[in-house]
Every structure is written in structure tokens, then in C-alpha cells.
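Since the model is a prediction, treat every value here as computed from it, not as a measurement.
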Amino acid sequence: MLYVSEFGSKLDPVLKDGMGRISKVALDGKILEQKFLPAARGEPLNKPKRIWVRGDRLWVTDIDVVWVFDLKTKKGRKAALPGIQFANDPAVVGNVLYISDNRSDQLFKVEPADFLNSKSEPQATSVFKGASVSPNGLYPARDGMLLMVAFLAPDKPRGIFALGVSGQIKDLSGPIGRLDGIYELPNGTLLATDWNSGSLFSWNEKTGMQKLAGGFKGPADFCVVPQGGGLTIVVPDLVQSQLRFVHLK
């Protein structure tokens, strides 16, 4: 199944109105549970954005905090992110939770990643700030680096970057758009979404950008599901309030 974060009201990503939710959706698009999270009588979500799932844990960002939930019990706990302007994409690497903030050009890390039952408060620190990256989507690369795609403004394109284990930042693609989600295929080719072209595309060093699907107005972070010998890419179109299913052989 899919876990889908929803604003639950108007398209205002920083509005704290308590209307946000996470729903459960089948792979055919059928809504299984409209408000799976938060639990009944639990603290409300505002404008939940990106989701990361590992085992029975689900992490989701919400403006200036990050939540971790137990998928079996629905127990949740949030952590404040001091200095963050727009908590965007979470990605868990080992026991470290990384969180992007394209508006302040920062990457944060939270330790431990799974702080649901921690006795002490998790530690949130800035990994970098003001590096001219504007990180949006994150994904752990197979070579140990952290892939980042960047998003700033229509007339200020950004590209694909990689953060090394020692903190160095490598520009992989140069400026190519307003990029949102990122995923690495087994052969090293990357999938990403771009608001400037309204597309889902693939990228590698040899071929550059190759458009796979278009017609999006707000192609957000996506998930990849192995299915039928190929891949199903589920892309939320934030502006059109849709889920688009793209099938790749």
C-alpha cells in the first residue's frame, strides 16, 4: 500500500490549521483509510509533506517539526527543528535522519533517527547552510553518498548534488530545473521530478535528462514500487491534487 501525506485544506504549505493527515491508498488508487494518521485524539498534523518508511516506522515532516510514528500502534512523537524554515524531505541513513530545507539552503540531521521511545530529546543540527544547493528531495545512494535535488525559483534552476561522508558536496548535473523528488535505479540512473518542465525524468551522466512523463503542474516527491516485472512510479501532483501512476518496463 501507499502512505500519502495530505494538506487536508487549501494549498498553503506553511498554514498551521491542524487539518493535515496521512492516508493509506492501494496500488490501484483506491483509498483504504482516509485518515490513518494521526490517531484519533492524537495531536493534529498541519501540512505534512515528505514521508520515509523503514520497517514499522514512518517519518514525516511538517513545516518546522518532524514526526516519527509506529505503523502498528499509531503512536507518534515529534521533534522540533530549531533554525529550520521549511522542513521538506526526510531520509534515514543508518541511525541518522536527514531533513532538507530548500528555503534556507540547509540540510539538517536528527540523531537518533528513531527517537519514538528515546528517553532524551533527539539532537537536531545543521549539516550545511548557504552552500548554494537549496536541497529538496533526498535519497541515500548505493555508494554511501546522499543524493540531493534542488529547488529554488523558476528563473534560478538548480541541479542534482551528492553529499559525501566527509561533508563534501559534489554537483552532478549542473542547473537543470526546479527539482523535487529523487530515486536511484539499480544501474545508477536517477529518476527525478521537475516543476519547470512539469515532468518525471531520468538522468545519468551520459544521456542527461530524458523525459518519462509530462503534464504535471506540481510534480512532488514520488515513490517507486516493483510491479509486474517493471516499476510503478507514483507521483503526487500537488497543484492538481492528484496521484499519477507511471509504469516503466
Would you mind reporting whether Pro135 and Phe128 have side-chain heavy atoms less than 4.5 Å apart?
-> yes

Kindly give the heavy-atom pair with the smallest separation between Ala124 and Leu81, and that separation in Å.
-> CB-CD2, 4.0 Å

Full working for side-chain contact (heavy atoms from CB on, under 4.5 Å) between Tyr139 and Trp52 | CA-CA 10 Å; Tyr139 196 80; Trp52 187 270; 4.2 Å; yes

Side chains of Glu6 and Ser23: does their closest heavy-atom pair fall under 4.5 Å?
-> yes

Tell me, do Pro48 and Ile63 make a side-chain contact under 4.5 Å, heavy atoms counted?
-> no

Quick one: hydrophobic cluster around Phe151, which other residues, with the 4.5 Å side-chain cut-off, linked directly or via members?
-> Phe7, Leu11, Trp195, Leu238, Val239

Of all residues at least two apart in sequence or in a different chain, which pass the side chain to side chain donor-acceptor pair (under 3.5 Å) check with Ser118?
-> none

side-chain contact (heavy atoms from CB on, under 4.5 Å) between Asn187 and Asn204, intermediate numbers included = CA-CA 10 Å; Asn187 65 1; Asn204 62 48; over 6 Å; no

Result of checking Asp221, Asn136, Val149 against Ile182 for side-chain contact (heavy atoms from CB on, under 4.5 Å) | Val149

Could you tell me whether Asp17 and Lys47 make a salt bridge, using a distance below 4.0 angstrom between a side-chain N and a carboxylate O?
-> yes

Are any of the side-chain nitrogens in Asp70 or Arg57 under 4.0 Å away from the carboxylate oxygens of its partner?
-> yes

When you check the gap from the basic side-chain N to the acidic O, do Asp180 and Arg50 get nearer than 4.0 Å?
-> yes

Do Phe69 and Leu116 have side-chain heavy atoms sitting under 4.5 Å apart?
-> no

Does Ala220 offer a backbone N or O that forms a donor-acceptor pair with the side chain of Thr193 under 3.5 Å?
-> yes

Would you mind reporting whether Ile233 and Tyr183 have side-chain heavy atoms less than 4.5 Å apart?
-> no

Is there a side-chain contact between Val110 and Ile99, using heavy atoms and a 4.5 Å cut-off?
-> yes

Please identify each residue that fulfils side chain to side chain donor-acceptor pair (under 3.5 Å) with Lys217, with sequence neighbours left out.
-> none

Taking NZ, NE, NH1 and NH2 as the nitrogens, is one of them in Arg77 or Glu121 under 4.0 Å from a carboxylate oxygen of the other?
-> yes

Are the side chain of Lys74 and the backbone of Phe36 linked by a donor-acceptor contact shorter than 3.5 Å?
-> yes

